[in-house]
Amino acid sequence: MLNKIRVAVLCSGGGTNLQAILDAQTAGKIASGEVALVVSDNAGAYALERAKGAGVATAVFDRREVRDRTQREQAILGALRQHKIGLVVLAGFMTILSEAFTREYEGRMINIHPSLIPSFCGPGFYGLKVHEAALARGVKVTGATVHYVNEVCDGGPIILQKAVAVEEGDTPETLQKRVMRQAEWQILPQAVELVCKALLKKA
Ligand code: GRF
């Protein structure tokens, strides 16, 4: 009988969402899972420093070294299997994953997106571009979504969402920071616990 789901977090950048998960784990808010591996396709990602600081194993398959996407994906899959990963968390991971990859982890892979899906999502909507689009449309409320990953970009079943007010004078940068602070860093750790708990019940 498993007592915790082994979690891998895939990051390409600063890793503030990874940090939120690690902090929630330290605070005892993730009882059903444990971060066992951090994977990055960017050797310079600060997320890797955060992992090392927390004593978490890392695996790096840099986009500039492993240029072939299929080869890179096979290497990532190998690391996930080697570490007996039960839940994959995409937290600002820039490599687009193939249908075969998402099928292997269907129901066991989640993603954080910085808008209230179905708004401002899908191909081309990532990072600051999401907030630029929200400001351009003039929405008064935006937020973040955690969803299961399937073969449709940002199209899997929604797990959690949290709304955030757009404020007068917001720039894409100020809005991004507020959405991260008030929504992403709250709902992603919550979703990790929810999904790990459900997976444990099925194990
Ligand atoms: C976050 O804004 C997340 O919504 C998006 O990529 C960004 C990752 O930021 N998918 P960080 O690396 O977690 O700081």
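Read the numbers this way: they start at 1 and go in the same order the structure lists the ligands and their atoms.
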Quick note on ligand 1: atoms under 4.0 Å from a heavy atom of Ile112 include exactly 4 (O), 10 (N)
Gly44 and Arg64 have their tightest heavy-atom pair at N-NH2, 4.5 Å
heavy-atom search around atom 7 (C) of ligand 1 in the protein gives Gly92 CA, 4.2 Å
Within 4.0 Å of some non-hydrogen atom of Pro114, the atoms of ligand 1 are 4 (O)
Checklist entry - Could Asp23 and Lys29 be called an ion pair, given the rule that one side-chain N must be under 4.0 Å from one carboxylate O? => result no
> Quick check: does Thr16 get an N/O under 3.5 Å from an N/O on ligand 1?
Replying inline: yes
Is Arg72 paired with Glu65 through a side-chain N to carboxylate O contact shorter than 4.0 Å? no
query: Does the N or O separation between Gly13 and ligand 1 drop below 3.5 Å for any pair?
result: no
Atom 9 (O) of ligand 1 has as its nearest protein heavy atom Met180 CE, 3.4 Å
| Does the N or O separation between Glu184 and ligand 1 drop below 3.5 Å for any pair? | yes
Quiz item: At the 4.0 Å heavy-atom cut-off, does Gly127 count as touching ligand 1?
Solution: no
Does this structure show an ion pair linking Lys177 with Glu173, if we count only N-O contacts that are shorter than 4.0 Å? no
**Leu200 reachable from Ile159 in the ILVMFWY side-chain graph, under 4.5 Å edges** = yes
Review point. Under 4.0 Å between a Lys/Arg side-chain N and an Asp/Glu carboxylate O for Arg81 and Glu104?
Key: yes
Atom 12 (O) of ligand 1: closest protein heavy atom, distance to 0.1 Å, is Gly15 N, 2.8 Å
CG of Leu97 to CG of Asn150, rounded to nearest 0.5 Å, is 12.0 Å
### Task
Return a yes/no value for Asn17: is any of its N or O atoms, backbone included, closer than 3.5 angstrom to an N or O of ligand 1?
yes
